[in-house]
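Notes for the one structure printed next.
FYI, side chains are in, hydrogens and waters are out, and symmetry mates aren't considered; it's all heavy atoms of this structure.
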Amino acid sequence: MELKFLGTGTSQGVPVIGCKCEVCTSTNFKDKRFRSSALVTTEAGKKILIDCGPDFRMQMLQNKEEQIDAVLLTHEHNDHVIGLDDLRPLIFRNRKNIDIYSNKRVGDEVKNRFPYAFADVKYPGAPSFNIHEIQEPFTILDTDIIPIEVMHYNIPIYGFKFKKLVYITDASFISEAEKEKLKGLDYLILNCIRKEELHPAHFILPQILELFVELKPKKMYLTHISHHLGLHDETEQDLPENLHLAYDGLEIQF
């Protein structure tokens, strides 16, 4: 299987509009970050999208990806769902609804945010989705997936486990029970918004370093990165061995 990072930035992306800091003006492609999203390719070649934010169209075009077979949603914030309308070309070409998997709260919010996709009489050209509520481990496209419940400030959201890889974004707290699912991993992907100053809804680098020591994954990659974390190459040099910053377009085989 493969996981490709379609985007590794925060809700504002990097560069931030109007910002002249050294990260936002960097010419290094690793400092250019779309909003966070990932694409998992199954052993059978099926494509499972994790989150569908406002950069989805350009992410697909730049990566020369042409198909999405299912969508997993971590939570309902705009930078993770507002691109769902851009699935329309795939829906029309495949002549079938896109299957979306999430907890009930997120599914209800998708219905509220995109009511035209669920209308009894649809406007021509509207997208069409099937919403599936998930709580326990489930299987889609012959792929076993375990939801990992974490806290994003005061709302419970999902990360997802495939084999010995876990993808978690927008977390600020992981319970001891859920940490048990994060032990013995080959790859742990976690959000890290900045180096200093506690954030109410996201991990910062000192917290990540503690989790890296505690959970002992073979490799950890950081995503949902803001310009406050610093230049990619400089920050990467200061990290422990086997702890890395992800960047847009990076692929992991697992």
- Task: Step through the shown structure and confirm whether more than 12 heavy atoms of other residues, nucleotides or ligands are within 6.0 Å of CZ on Arg57.
- Result: no

Shortest non-hydrogen pair, Met220 vs Ile208, comes out as SD-CG2, 3.8 Å

Side chain of Thr235, backbone of Leu229: donor and acceptor closer than 3.5 Å? yes

Discussion item. Apply side chain to side chain contact (heavy atoms under 4.5 Å, CB included) to residues His199 and Arg194 and explain how you reach the verdict.
Written reply: CA-CA 9 Å; His199 193 288; Arg194 57 196 184 204; 3.7 Å; yes

Over 12 non-hydrogen atoms of neighbours within 6.0 angstrom of CG in Leu61: yes

Inset, instruction - Begin with the C-alpha distance, continue with both residues' side-chain angles, and end with the deciding distance and a verdict on side chain to side chain donor-acceptor pair (under 3.5 Å) for Asp170 and His77. - result: CA-CA 10 Å; Asp170 286 50; His77 288 165; 4.7 Å; no

- Task: Mind telling me whether Phe160 and Phe162 have parallel, tilted or perpendicular rings, with 30° and 60° as the class edges?
- Result: tilted

Note: Phe56 and Gly83 closest approach over all heavy atoms is CD2-O, 4.1 Å

Exercise for the section: Report yes or no: is the cationic atom of Lys30 (NZ for Lys, CZ for Arg) closer than 6.0 Å to the six-membered ring centre of Tyr247, at no more than 45° off its axis? Expected result: yes

inquiry  = Keeping Tyr158 on the side-chain end and Ile134 on the backbone end, is there a donor-acceptor pair under 3.5 Å?
reply    = yes

Is a donor on one side and an acceptor on the other found under 3.5 Å between the side chain of Lys161 and the backbone of Lys181?
yes

Practice task
Answer yes if Phe114 and Val106 sit in the same cluster of Ile, Leu, Val, Met, Phe, Trp and Tyr residues linked by side chain heavy atoms under 4.5 Å apart, and no otherwise.
Solution key: yes

Exercise. Any luck finding a side-chain donor-acceptor pair between Arg33 and Thr8 under 3.5 Å?
Worked result: yes

- Message: Please determine whether residues Ile174 and Val166 belong to a single hydrophobic cluster, defined as Ile, Leu, Val, Met, Phe, Trp and Tyr linked transitively by side-chain heavy-atom distances below 4.5 Å.
- Response: yes

- Query: Does a side chain donor of either His227 or Asp31 reach within less than 3.5 Å of an acceptor in the other side chain?
  - Reply: no

Here the pair of heavy atoms bringing Gly9 nearest to Ser36 is O-OG, 2.7 Å

- If Ile, Leu, Val, Met, Phe, Trp and Tyr residues are connected whenever their side-chain heavy atoms lie under 4.5 Å apart, and connections chain through other members, are Phe5 and Val14 in the same group? no

Rounded to the nearest 0.5 angstrom, the CD1-CG distance for Ile98 and Leu90 is 6.0 Å

Here the gap from Asp186 atom CG to Gln253 atom CD, rounded to the nearest 0.5 Å, amounts to 13.0 Å

Check your understanding: Within a strict 4.5 Å, meaning less than it, do heavy atoms of the Leu185 and Leu215 side chains meet?
Key -> no

* Asked: What about His224 and His152, are their ring centers closer than 6.0 Å?
  -> no

Looking at Lys32 and Ser26, would you say the former's side chain and the latter's main chain have a donor-acceptor pair under 3.5 Å? yes

- Task: Taking atom NZ of Lys122 as the centre, report whether more than 12 heavy atoms of other residues, nucleotides or ligands fall under 6.0 Å from it.
- Result: yes

Give the intermediate values and the outcome of side chain to side chain contact (heavy atoms under 4.5 Å, CB included) for residues Ile50 and Leu39.
CA-CA 6 Å; Ile50 306 177; Leu39 185 64; over 6 Å; no

In this structure, CG of Asp99 is separated from CD1 of Ile68 (nearest 0.5 Å) by 12.5 Å

Heavy-atom count check: over 12 atoms from other residues, nucleotides or ligands less than 6.0 Å from Lys179 NZ? yes

Residue pair Glu76 / Asp108, side-chain heavy-atom distance below 4.5 Å | no

Closest heavy-atom pair, Leu245 versus Glu236, reported as atoms and distance to 0.1 Å, is N-OE1, 2.8 Å

Handout entry: Any donor-acceptor N/O pair, Asp55 side chain to Arg35 backbone, under 3.5 Å
Key = yes

**Ile131 side chain near Val110 side chain, heavy-atom distance below 4.5 Å** = yes

task: Check whether any side-chain heavy atom of Leu6 lies under 4.5 Å from a side-chain heavy atom of Leu49, and answer yes or no.
output: yes

- [ ] For the residue pair Asn94 and Gln67, confirm or rule out a side-chain donor-acceptor distance under 3.5 Å.
- [x] yes

Q) Quick one: do Leu182 and Leu222 end up in the same hydrophobic cluster if we chain Ile, Leu, Val, Met, Phe, Trp and Tyr together by side-chain heavy atoms under 4.5 Å apart? A) yes

> Any ion pair linking Lys4 and Glu251 (charged N to carboxylate O, less than 4.0 Å)?
Replying inline: yes

Does Asn63 reach the main-chain N or O of Glu65 with its side chain, forming a donor-acceptor pair under 3.5 Å? no

Run the salt-bridge test on Lys47 and Glu2 with the 4.0 Å N-O cut-off and return the result as yes or no.
-> no

For side chain to side chain contact (heavy atoms under 4.5 Å, CB included), just list the numbers for Gln207 and His202, CA-CA rounded to whole Å, side-chain angles, deciding distance to a tenth of an Å, and then say yes or no. CA-CA 10 Å; Gln207 295 168 319; His202 296 274; over 6 Å; no

query = Are the side chain of Gln62 and the backbone of Gln59 linked by a donor-acceptor contact shorter than 3.5 Å?
reply = no

Donor-acceptor side-chain pairing of Thr223 and Asn191 below 3.5 angstrom:
no

- Query: Hey, are the side chains of Ile168 and Ile157 touching, using non-hydrogen atoms and a 4.5 Å cut-off?
  - Reply: no

Quiz item: Within the side chain of Arg105, is there an N or O that forms a donor-acceptor pair under 3.5 Å with the backbone of Pro156?
Solution: yes

- Query: Can you check whether Lys96 reaches Ile91 side chain to side chain, under 4.5 Å on heavy atoms?
  - Reply: no

Original post:
Do the side-chain N and O atoms of Ser11 and Asp79 include a donor-acceptor pair separated by under 3.5 angstrom?
Top reply: no

task: Count the heavy atoms belonging to other residues, nucleotides or ligands that lie under 6.0 Å from CG of Asp142, then report whether that count exceeds 12.
output: no

Within a reach of under 6.0 Å around CD of Glu196, are more than 12 heavy atoms found that belong to other residues, nucleotides or ligands?
no

Tightest non-hydrogen contact, residues Tyr101 and Ala70, listed as CE1-CB, 4.1 Å

Hey, is the main chain of Leu73 close enough, under 3.5 Å, to the side chain of Ser102 for a donor-acceptor pair? no

Self-check item: Note, Pro15 side chain near Val23 side chain (heavy atom, < 4.5 Å)
Solution: no

Same cluster or not: Phe254 versus Leu250, using hydrophobic residues (I, L, V, M, F, W, Y) connected whenever any side-chain heavy atoms lie under 4.5 Å apart?
yes

So, Ser37 and Asp51: side-chain donor and acceptor under 3.5 Å apart, yes or no?
no

Here the gap from Tyr116 atom OH to Lys111 atom NZ, rounded to the nearest 0.5 Å, amounts to 15.5 Å

Output for pair (Thr143 OG1, Ile145 CD1), nearest 0.5 Å, gives 6.0 Å

Correct closest heavy-atom pair for Leu84 and Phe129 would be O-CZ, 3.6 Å

Task: Check: Asn28/His232 side-chain N/O donor and acceptor closer than 3.5 Å - done: no

Subject >> CA sep, side-chain torsions, deciding dist, call: Leu87, Asp85, side chain to side chain contact (heavy atoms under 4.5 Å, CB included) >> reply: CA-CA 5 Å; Leu87 286 162; Asp85 188 85; over 6 Å; no

Can you confirm whether Tyr153 is buried at OH, in the sense that more than 12 heavy atoms of other residues, nucleotides or ligands lie under 6.0 Å from that atom?
no

State, yes or no, whether a side-chain contact exists between Glu149 and Gln135 at a heavy-atom distance under 4.5 Å. no

CG (Asp238) and CG (Leu205) are apart, to the nearest 0.5 Å, by 9.0 Å

